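Computed from heavy atoms alone, side chains included, the values below leave out hydrogens, waters and symmetry copies. Please read all numbers here as calculations on a predicted model, not as lab measurements.
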Amino acid sequence: MPYFDAASTAPLHPVARQALLAALDEGWADPARLHRSARQARMLLDAARETVAEALGARADEIAFTASGTQALQLGVLGALRGHRRRGAHLVHSAVEHSAVLHTAERWEADGGTATSVPVDRHGRVDAAEFAAAVRPDTALAVLQSANHEVGTLQPVTETAALLGDVPLLVDAAQSAGRLPVPAGWSVLAASAHKWGGPAGVGVLAVRKGVRFSSALPADDREGGRVPGFPNVPAIVAAAASLRAVRAGAEAENARLRELVDLVRHRVPQLVPAVEVVGHPELRLPHLVTFSCLYVDGEVLLTGLDRAGFAVSSGSSCTSSTLTPSHVLAAMGVLTEGNLRISLPAGTTRAEVDAFLDVLPRVVAEVRAPLGLDLALPAAGPAGGSAGALVVDTLGKRCPIPVIELAKRIGEVAPGGLVAVLSDDEAARHDIPAWCGMCGHAYAGEAPAAEYGGARGTAYLVRRA
C-alpha cells in the first residue's frame, strides 16, 4: 500500500533501525551512573546529542531530549514563559500553530496569563510585520512554526525574528527539521524524531545559551533540568543517526519530491471537479500538498482511498477524530470539509503518484454519487430573489450537508437572489464563505436564524452570481 502520510509520521529510516538494534545492546544502562555499561550508554547519548545539535545549528549543551515533539512544545512554551515572567505574562503565536501550542496557550490564559493569536493570509502565512506588531512591553514569548503541518506553508521565521527585538522566539520545527535548514533567529526550538524517520517517542527541545528558562515541572537532574525522567538512549541514538542520514540526502530528495507534489497540485484540479488546492504555491514544504473536495465527507473519502490502497490524511471536521473544523483551514478562510493531505515519504515513486491520480477521481465520484448533485450550476432559475430569501434549513446536520444543500438549491433563485442557509454546525461558518469563493457567488454575511424562521443556529446568507 502506498503510504502518503509522512507528515503524521514517516516510515522508520533503515539507518534508524540499524542504530536502534545496535544501541539496544550497547546503550541500555543508566547514563548517569559510573560503571562501564553506564559509561558506554553515556558515550552514545553524548554522541547523539552532538549529532542533533550539529544538524539543528545548536550547541550540544543546548539540546535536551523529550518523550515527543508535543512534550517539547509544551515544556518549551511554559519554560520560556516562566523564565521571562519578569517581563510579563503575554504570549504571541500564529493562528495556525500546532494544537500543542494552542492548548498550552489556553492553559496559560487559564492560569492568569494572556495570549494573542496573529491571523494568517489565505495561504496560511503570517505577515512578519503584523506578527511583530502584536508584541507588547509585557510579551514574554513569541511562537512561530517553521512550516505548517496541515498545508505545508513556510513561515517567515528569520524575518520575524529580526523584528522582535529582545523578545525570545520559540520555533516549532517538527515538520521541517531534517528536510530543510533550520531558519535563523530562534531562541527555543522543538522538533520530533518520527517526522524525519526516527523512532516515535523522541522529541528535541533546544534552548539557546543565555535564554532564561524555568521548567514547569518539578526539578530533575537529567537533560539539563529541563526534562525529567530516564532518557531512552537507544531510541535517541537511532533518532540522531537517521537525522544525519536524512540531512545528507535532503537536497536531492527534496527536489525529486517537489516534482511529484507539483504534479499532484497541477493534475488534481484537472481530474476532479470542485476542488481547491490550499497552501502557498511556492513557499512550502517539498513533500506536502493539501486540497479540499466540495460536497465530500472527509471520513468517507479517506475510507474509500484506504480501500483503494492509499494511506492519506485529513483535517476535515467530518472525520471521526474531531467534530470541529481544522483550526488551520478555518484561520486561512478556505474550505474545511473534504480535505486531503498528501505527504510523500522518501522514496515515493512517480508510478505510485500516477496510480493515486488514477484512483482519486473514481473515489471522489463514488462518494458524491448518492448526493444526486449536479456540480454544474443551472444557467437560470425561477425568479424569487427579489421577493425575499430562499431558506435552506440544515439545522441538526453536519458538514458537508449544509454546503451540499446550498449547491442543490441555489439555482432556485434568480441571479442576485438571496439564499439563507440555516445551520448549527460550526463548520458552516467557514465552509459556506469558502464555497462562495470557489463557485463565484457572493457571501453576504450571517444573521440570527430566528430572522429566517429557525429555532436555533445561524443564517448564512449567499447571493447568487
Side-chain angles (χ1 to χ4, degrees), residues 1-20 48 51-58 69 145-155 157 171-184 189-200 202-204 237-268 277 279-291 309-313 340-357:
M1 171 185 286
Y3 179 80
F4 290 172
D5 196 18
S8 293
T9 187
L12 191 66
H13 196 286
V15 169
R17 186 183 301 276
Q18 296 169 2
L20 179 62
T51 297
V52 171
E54 181 181 3
L56 299 182
Q145 59 194 192
S146 58
N148 186 258
H149 50 291
E150 287 195 34
V151 300
T153 297
L154 302 180
Q155 299 294 355
V157 172
V171 172
D172 173 9
Q175 287 297 336
S176 64
R179 296 183 181 276
L180 301 174
V182 176
L189 182 138
S192 183
H194 72 103
K195 305 291 188 181
W196 67 63
V202 178
V204 178
V237 169
S242 58
L243 179 58
R244 174 187 288 162
V246 168
R247 284 297 304 137
E251 184 174 354
E253 187 64 9
N254 285 347
R256 200 180 66 81
L257 292 180
R258 181 174 282 273
E259 287 186 2
L260 296 178
V261 166
D262 285 344
L263 176 66
V264 175
R265 292 179 63 91
H266 177 68
R267 292 289 290 150
V268 166
V277 179
H280 201 286
E282 298 297 334
L283 303 174
R284 55 181 170 82
L285 291 169
H287 70 299
L288 190 154
V289 57
T290 296
F291 53 89
F310 292 90
V312 300
S313 183
L340 290 181
R341 181 184 67 183
I342 311 301
S343 47
L344 307 180
T348 299
T349 66
R350 170 65 185 264
E352 290 173 325
V353 172
D354 284 341
F356 172 77
L357 293 173

| task | Please name the pair of heavy atoms, one in A193 and one in P199, separated by the smallest distance, quoted to 0.1 Å. | result | CB-O, 3.8 Å
| task | May I have the step-by-step check of side-chain contact (heavy atoms from CB on, under 4.5 Å) for D354 and L263, ending in yes or no? | result | CA-CA 9 Å; D354 284 341; L263 176 66; 3.7 Å; yes
| Considering only heavy atoms from C-beta outward, does the side chain of N148 approach that of Q175 to under 4.5 Å? | no
| request: Check A239 against V202 and note the closest heavy-atom contact, atom names and distance. | output: CB-CG1, 4.0 Å
| pair V268-L357: side-chain heavy atoms closer than 4.5 Å | yes
| request: Using modelled atom types only, decide if a donor and an acceptor are shared between the side chain of W196 and the backbone of H13 within a distance under 3.5 Å. | output: no
| Taking K195 for the side chain and A10 for the main chain, is one N or O donor matched with an acceptor at less than 3.5 Å? | no
| remark: Rounded to the nearest 0.5 Å, the CZ atom of R179 sits from the CG atom of L257 at a distance of 7.0 Å
| message | So L285 and S176, do their side chains get closer than 4.5 Å, heavy atoms only? | response | yes
| task | Please tell me if the side chains of P2 and F356 come closer than 4.5 Å, counting only heavy atoms from C-beta onward. | result | no
| task | Please indicate whether R17 has more than 12 foreign heavy atoms, meaning atoms of other residues, nucleotides or ligands, lying under 6.0 Å from its CZ. | result | no
| query | CG of L12 to CD of Q18: how many Å apart, nearest 0.5 Å? | reply | 10.0 Å
| field | Test side-chain contact (heavy atoms from CB on, under 4.5 Å) applied to I342 and L260, D5, V312, V353, the passing residue | value | V312
| query | Quick one: CG on L154 to CD on Q145, what's the gap to the nearest 0.5 Å? | reply | 10.0 Å
| query | What's the spacing between R247 CZ and E253 CD if we round to 0.5 Å? | reply | 13.0 Å
| request: Would you mind reporting whether H149 and D172 have side-chain heavy atoms less than 4.5 Å apart? | output: no
| What closest approach, in Å, do S146 and A173 show between heavy atoms, and which atom pair accounts for it? | OG-CA, 3.3 Å
| Within 6.0 Å of CD in E352, more than 12 heavy atoms from elsewhere | yes
| task | Taking all non-hydrogen atoms of both residues into account, name the closest pair between T51 and A240 and its distance. | result | CG2-O, 3.5 Å
| field | CG-CD distance between N254 and E259, expressed to the nearest 0.5 angstrom | value | 12.0 Å
| field | Note, R284 side chain near R258 side chain (heavy atom, < 4.5 Å) | value | yes
| query | Which atom pair, heavy atoms only, marks the closest approach of G178 to A250? | reply | O-CB, 3.8 Å
| request: Indicate the ring-plane relationship of F4 and F310, choosing parallel, tilted or perpendicular according to the 30° and 60° boundaries. | output: tilted
| query | Would you call T348 and H287 a side-chain contact if the rule is heavy atoms closer than 4.5 Å? | reply | no
| remark: Residues S343 and A7: closest non-hydrogen pair is OG-N, 2.9 Å
| query | Given side chains that start at C-beta, do those of L344 and V261 come closer than 4.5 Å, heavy atoms only? | reply | yes
